[in-house]
Amino acid sequence: MKPLNITSQAKSKRSDKSWYILSAGLIISVTVIFILDLQFFASTNFIRNTLNGKMLEVLSAADNFTNRFIDTMKHKLIIIDSDIPDSASEQHVTDRFSNHGNCTWPPLNLQGRTPLNRTDIPIEKLDKKYTFMADGHYKPKNCTAYQKIAIVVPYRDRQLQLRIFLNNVIPRIHRQQLEFGIYIVEQTAGSLFNRGMLSNIGFVQAMKDMAYDCVVIHDLDILPEDDRNFYICGDNPIHMATKVEKFKYRVPYHSFAGGISTFSRKQYEDINGFPNQFFGWGGEDDELFARIKRSNYKMTRPFDAHGHCGSVQHSGQRTGNDRMKMLQISRKIWKQDGLTDLEYNLVEKRRKQLYVWVYADINMAKVREKLKKLNSPSRK
Ligand code: NGS
């Protein structure tokens with residue numbers, strides 16, 4: 001075998017990277033100048049009147065496109081290790097749990113890919129439809145499930161999406177013959193939405209209830225369309241939202257870890273959960289991906305072939321302005337920022353029929369106070 005020439009490889013990697021950064025910079029500048037020019041022209045009354053508003057539509061579409069484009073480029077520069085090794089096959093994952101249960105595997109009444117049900121059904125009707133659930137929990141009657149799954153959903157103010165979520169996820173996971181609990185973790189009003197911290201709170205609260213084998217961090221608005229996309233855990237964290245409708249049934253970028261991902265208890269603890277320091281939309285899932293790698297795990301996609309997920313649109317959360325900076329800082333402080341330093345006030349935990357409602361208060365000022373200490377130059 002030809003020996004590897006490490007130095008020249010490293011050199012060429014480095015020069016590859018500078019080319020990459022250079023050309024990205026160039027493309028971003030040209031696009032931004034182009035958009036600014038368009039905006040200038042559109043601001044003249046002549047064009048506004050002549051095109052009767054059409055131009056503004058085109059501009060806002062172009063603006064959206066540029067924002068997304070710039071975001072993606074920033075990503076590529078920050079998250080350089082963006083490969084997703086596909087080490088786990090579907091078979092590999094399910095072979096692993098042959099000792100733990102005796103329900104038939106694969107389950108007999110799976111329906112394959114079926115469209116989402118987007119009808120809004122009142123919660124009382126859902127309660128009547130899913131009488132097999134009590135206290136937000138389900139356990140197969142005639143066999144022992146292979147895994148006990150906690151579905152954790154960070155939540156705020158989306159009642160319609162919640163009903164659609166329940167009406168789609170419950171029957172699917174029921175057909176998968178798993179034992180499961182659903183935790184809707186709601187943040188009180190007053191501070192920016194913090195998906196990472198709500199996930200950590202859900203994890204802790206679920207584990208207090210019982211020894212779940214697996215925790216699934218689940219967006220409310222991304223819903224599997226296929227029963228063969230299993231809500232289970234493997235030797236490595238599993239990413240389930242691999243073909244998302246709003247991204248034209250793809251992932252928006254290769255290292256995307258958002259939407260739905262699963263972790264065994266040990267995996268979640270090893271990576272120190274999600275960061276607590278990401279307030280507002282975006283970035284916390286990129287930091288999650290980085291934590292998985294730093295802890296010597298791989299994010300795997302064993303059910304990729306069946307990873308189609310529908311999206312239930314809603315208006316977004318406010319963007320986290322410092323998320324790019326936080327991604328940099330988190331590299332240093334991730335071991336102190338996550339499950340290990342989780343602090344919140346549990347306002348209420350109520351067991352409803354279809355889910356456990358966890359209502360938690362997050363003190364943003366206090367969390368950010370910690371960041372100052374963790375990130376102070378005197379600390380290594
Ligand atoms: C990236 C965000 C991720 C987010 C992804 C998809 O830009 O957190 O878009 O977003 N990363 C940063 O902002 C650093 S989505 O279209 O699903 O809202 O998950």
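Just the heavy atoms: all of them, side chains too, but no hydrogens, waters or symmetry mates, feed the values below. Atoms within each ligand, like the ligands themselves, are counted from 1 in listed order.
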Out of [options], who gets a non-hydrogen atom closest to [atom]?
| atom | options | value |
| --- | --- | --- |
| atom 13 (O) of ligand 1 | Glu287, Glu284, Arg323 | Arg323 |
| atom 6 (C) of ligand 1 | Phe278, Phe247, Phe289 | Phe247 |
| atom 2 (C) of ligand 1 | Asp286, Thr319, Leu327 | Asp286 |

Subject >> Residue pair Arg250 / Lys243, side-chain heavy-atom distance below 4.5 Å >> reply: no

**OP:** Identify the heavy atoms of Ile232 and Phe303 that sit nearest to each other, and give their distance.
**Re:** CD1-CZ, 3.8 Å

**OP:** Compare every heavy atom of Tyr231 with every heavy atom of His218, then report the nearest pair and how far apart it is.
**Re:** NE2-OH, 2.8 Å

Original post:
Salt bridge between Asp219 and Arg195, side-chain N to carboxylate O under 4.0 Å?
Top reply: yes

Within ligand 1, which atoms have a heavy atom of [X] less than 4.0 Å away?
| X | answer |
| --- | --- |
| Asp285 | 3 (C), 4 (C), 8 (O), 19 (O) |
| Phe256 | 6 (C), 19 (O) |
| Met324 | 14 (C) |

Original post:
Looking at ligand 1, does Gly283 have a heavy atom less than 4.0 Å from it?
Top reply: yes

**OP:** Identify whether Tyr249 and Tyr253 are in the same connected component of the hydrophobic contact network (ILVMFWY, side-chain heavy atoms under 4.5 Å).
**Re:** no

Original post:
Yes or no on ring pair (Phe, Tyr, Trp, His ring centres under 6.0 Å) for Trp105 and Tyr146, after CA distance, side-chain angles and deciding distance?
Top reply: CA-CA 9 Å; Trp105 196 270; Tyr146 285 96; 5.7 Å; yes

